[in-house]
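Beneath this line is the structure, given in structure tokens, with notes to follow.
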Amino acid sequence: MMNNNRKITGVIKEDRIWEQWYDEELLKTSLPKMNQTDYLLKSNKGFEQNIIINNRGKKSLTLNMFNDRINLITSSLINCGIKKGDIISSVALSTPDLVALKYAATSIGAITANLNFADATSNLDCNKMYKQLVKIQPKIIFVLDILENKVSELLNINEFKDIKKIILPLTNYTNILNSERILVPILKAQNKIKKLHINSAINFNRFLKNGDKNFKIEKRLYCKDMPANIAFTSGTTGDSKAVLLSHDANNALAYQHKIANLKLNRGEKNLALVPPFLAFWDSDIIHMAMCMGIEEILDLSLTYDKIPEYLKKYHPNYGIWSQYLWDSLLHMDKEDIKEISTYLKKVVVGGERAEKNQIKTFEKITGITQEAGYGATEMNTCFSVANPRCNIVGSSGIPLPFNNLKILDNSGKELTYNQRGKVYLTGPAQMLGYYDDDEKTKQVLSKDENGITWYNTNDYGYLDEYGSLHILDRYQEPIKIDSQLVNIVDVNEAIKACPYVKICKTNYANDKLVTFVVFDEFADVSKEEMLKSLKLVIDNLKEKPNIIRILKTLPRTQVGKVDYALLKEETEQLTSIYTNAVIADSLEKVKKLKRHV
């Protein structure tokens, strides 16, 4: 039963007013304390014959089949000498074998780390993957065969000669009559000729011959705070950091979703396109969804062009990726949109803020209201999410059960409802720390007088009177303009009052404010009318941007997030040329931003 008559003191962390939307009895229950594989199996007890994975529409696995695969891989790892605390890394896309490897490795206390093949550049000085491998020192690295040529140069250097290399076949769990079974061997042969293969690597199926098909693990390893995986942050605002997450954190996140009653139903389908190198894949897309009994549809590409194709092919009920990528749905034929709207139940925005104007446009065209969540890799990705009983459009949802937060001003004073400040979080899915880096850990994790550990998100936002969290953007120190302190994020928020602004970002350099604006291409007014409306909004601002740059889209990273580094670079260039200007670029000029997507 929910309690809507809570006492309100104005102290956010004490009131926990978001709990009014949850069942009071469920909030009294205990979090699971066990190995994450045990929790997966326990959560699906009695449903072992249900399909848990659909591999690209080529072959499906029941939970029993998947568990057999876990046991075989576990046996093979043990026979290769892998033990508790060893690190196993991968460079792969979503395949059933990679998912099973996650559970097999952690069943014996090993730690997994999924790496991004795009980080393996030829220059070691700026090669992120090189730095990551040096840091974590894995015993084994598993590489998907179609990615071998992307990382072979790096993995063949003498420094990594002692790492065992195993090649994962893309064609496992596909039909015999499948063009990939011809094309992949051709690619591998070409790699050999071009010397783009990994030396001394063995095939995964040969690796499995070390295992026992009848192996059943007697007892999976578990202890409090036992590490399960390392997730590297995206590094969009700086160097990527190695976040160490536990079995407890992964299980807590799954359990929090379960008792939050978010209308995620057993047997329904999730289109799992998020790549494995993101923490979100490990904890939420895979573990949470599978513990809920949701069928995982695995496919390879999280791209603007592929999403519409996948939606038509698989008929999923759920999906989660950036608002920018969801925008691809709006460019489909009206009949296709109408059909998709009959089965797509949850359109969740993750990886970036859900902009209110975009939500309205999406709902107008599809009839579906986008839902938002918020999190950080350091909090195991998901801290708050839209709730069926409380979904304030434009918010980041309400904190999941057992989570807590506080908002501080620049002096460290706690703020109350609807007051903007720095956001601090705590909860059972919090990271153990940055792997092998106590100094960086201490910079973001701190204990209060009650022994509670808080994570400094470096984000800027507020909590409203309903318990919904509003994350506005990354926190930026106020700047001084004409002797007045100005918060850039507040300026940016005010510009969004123009109903035709799809998304905008404001930066500061060389004593000038620069706002990058993307207009709503579905607005039923001319570009001139949009500019006139924007001018009216800006004219009413106390602090106005010096330069307005109109773009067709903001620069994006490989996974669809706003590329802040490129925006910063462009800000420096603009402010060195212009004093005051409105610049409406052609598509060719926009391309000069070196967009990744």
Side-chain angles (χ1 to χ4, degrees), residues 69-70 72-83 85-106 108 110-124 127-173 180 184-211 229-232 242 275-277 281-282 300 435:
R69 195 63 163 182
I70 293 172
L72 177 57
I73 297 173
T74 303
S75 174
S76 302
L77 290 171
I78 291 172
N79 290 336
C80 275
I82 298 300
K83 58 187 184 303
D86 287 345
I87 294 174
I88 294 171
S89 61
S90 70
V91 180
L93 302 173
S94 293
T95 68
D97 282 332
L98 183 69
V99 181
L101 177 63
K102 157 190 165 66
Y103 288 104
T106 55
I108 54 177
I111 303 166
T112 59
N114 299 321
L115 308 180
N116 182 1
F117 68 89
D119 288 340
T121 57
S122 56
N123 184 350
L124 288 187
N127 189 312
K128 280 186 180 180
M129 189 181 291
Y130 171 77
K131 294 175 184 177
Q132 291 165 355
L133 289 170
V134 168
K135 186 173 190 66
I136 64 176
Q137 294 290 310
K139 299 290 184 182
I140 304 180
I141 185 165
F142 292 82
V143 179
L144 188 65
D145 49 16
I146 60 171
L147 301 179
E148 184 178 5
N149 58 0
K150 310 288 186 186
V151 297
S152 58
E153 182 182 359
L154 175 63
L155 295 182
N156 283 337
I157 67 175
N158 193 56
E159 193 170 350
F160 299 140
K161 64 180 173 53
D162 292 331
I163 301 176
K164 292 175 183 163
K165 291 99 174 175
I166 298 173
I167 305 299
L168 286 165
L170 179 67
T171 53
N172 278 1
Y173 294 104
E180 290 173 359
V184 173
I186 291 173
L187 174 65
K188 292 172 75 173
Q190 290 173 337
N191 288 343
K192 281 271 189 183
I193 294 169
K194 297 175 182 178
K195 296 184 178 179
L196 293 175
H197 64 288
I198 299 172
N199 298 331
S200 305
I202 66 168
N203 184 274
F204 184 69
N205 295 330
R206 180 180 157 196
F207 159 78
L208 291 181
K209 290 182 180 179
N210 293 321
N229 57 291
I230 292 170
F232 285 92
F277 58 81
W281 180 89
D282 213 303
L300 305 179
Y435 179 75

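- Annotation: Glu180, atom CD; neighbour count of heavy atoms from other residues, nucleotides and ligands within 6.0 Å is above 12.
- Between the side chain of Lys165 and the backbone N or O of Ile163, at least one donor-acceptor pair lies under 3.5 Å.
- For the pair Cys80/Lys164, a side-chain contact is recorded, criterion being any heavy-atom separation below 4.5 Å from C-beta on.
- Ser75 places no side-chain N or O within 3.5 Å of a backbone atom of Gly211 that could act as its donor or acceptor partner.
- Summarising the geometry of Ile230 relative to Ile136, their closest heavy-atom pair is CD1-CG2, 3.9 Å, with the distance given to 0.1 Å.
- Looking at every heavy atom in both residues, Met129 comes nearest to Val91 through CE-CG2, 3.9 Å.
- One distance of note links CG of Leu168 with OG1 of Thr95; it measures 5.5 Å at 0.5 Å rounding.
- Annotation: side chain of Asn203 is in contact with side chain of Pro169 (closest heavy-atom distance under 4.5 Å).
- Of all non-hydrogen atoms in Lys135 and Tyr435, the two that sit nearest each other are CE-O, 3.1 Å.
- Rounding to the nearest 0.5 Å gives a distance of 10.5 Å between CZ of Phe277 and CD of Gln132.
- Taking the six-membered ring for Trp and thresholds of 30 and 60 degrees, Phe207 and Phe142 have ring planes more than 60 degrees apart, a perpendicular arrangement.
- Counting only distance, with no hydrogens or angles, the side chain of Lys128 and the backbone of Asn116 share no donor-acceptor pair below 3.5 Å.
- Between Ile141 and Val151, every side-chain heavy-atom pair lies at or beyond the 4.5 Å cut-off.
- Checked by atom type and distance alone, the side chain of Asn79 never pairs as donor or acceptor with a backbone atom of Ser76 at under 3.5 Å.
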(request) Could you check Phe232 against Asp119 for side chain to side chain contact (heavy atoms under 4.5 Å, CB included), going step by step and ending with a plain yes or no? (result) CA-CA 11 Å; Phe232 285 92; Asp119 288 340; over 6 Å; no

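- What you find for Leu147 and Ala92 is that their closest heavy atoms are CD1-CA, 3.9 Å.
- Lys139 NZ: 12 or fewer foreign heavy atoms inside a 6.0 Å radius.
- In this structure the side chain of Phe204 never reaches within 4.5 angstrom of the side chain of Asp145, judged on heavy atoms.
- Counting non-hydrogen atoms of other residues, nucleotides and ligands closer than 6.0 Å to NZ of Lys150 gives a total of 12 or fewer.
- For the pair Gln137/Ile87, no side-chain contact is recorded, criterion being any heavy-atom separation below 4.5 Å from C-beta on.
- Without hydrogens or angle criteria, Glu148 side chain to Val143 main chain gives no donor-acceptor distance under 3.5 Å.
- Using a 4.5 Å cut-off on side-chain heavy atoms (C-beta onward), Lys131 and Val134 make no contact.
- Atom CG of Leu154 and atom CG of Asn127 lie 5.0 Å apart (nearest 0.5 Å).
- Listed here is the closest heavy atom pair of Ser94 and Leu300: O-CD2, 3.8 Å.
- Listed for the Asp86 side chain is no donor-acceptor partner under 3.5 Å among the backbone atoms of Ala110.
- Of the inter-residue distances, the one linking Leu101 atom CG with Ser90 atom OG reads 7.0 Å to the nearest 0.5 angstrom.
- For the atom pair NZ of Lys102 and CD1 of Ile73, the computed distance is 13.0 Å after rounding to the nearest 0.5 Å.
- Atom OG in Ser89 sits 8.5 Å away from atom CG in Asn114 (nearest 0.5 Å).
- Between Asn229 and Thr106 there is no side-chain heavy-atom pair separated by less than 4.5 Å.
- In this structure, the side chain of Asn156 engages the main chain of Asn199 through a donor-acceptor pair within 3.5 Å.
- What you find for Leu93 and Leu144 is that their closest heavy atoms are N-CD2, 3.8 Å.
- Looking at Ile202 and Lys209, their side chains never come closer than 4.5 Å, going by heavy atoms from C-beta outward.
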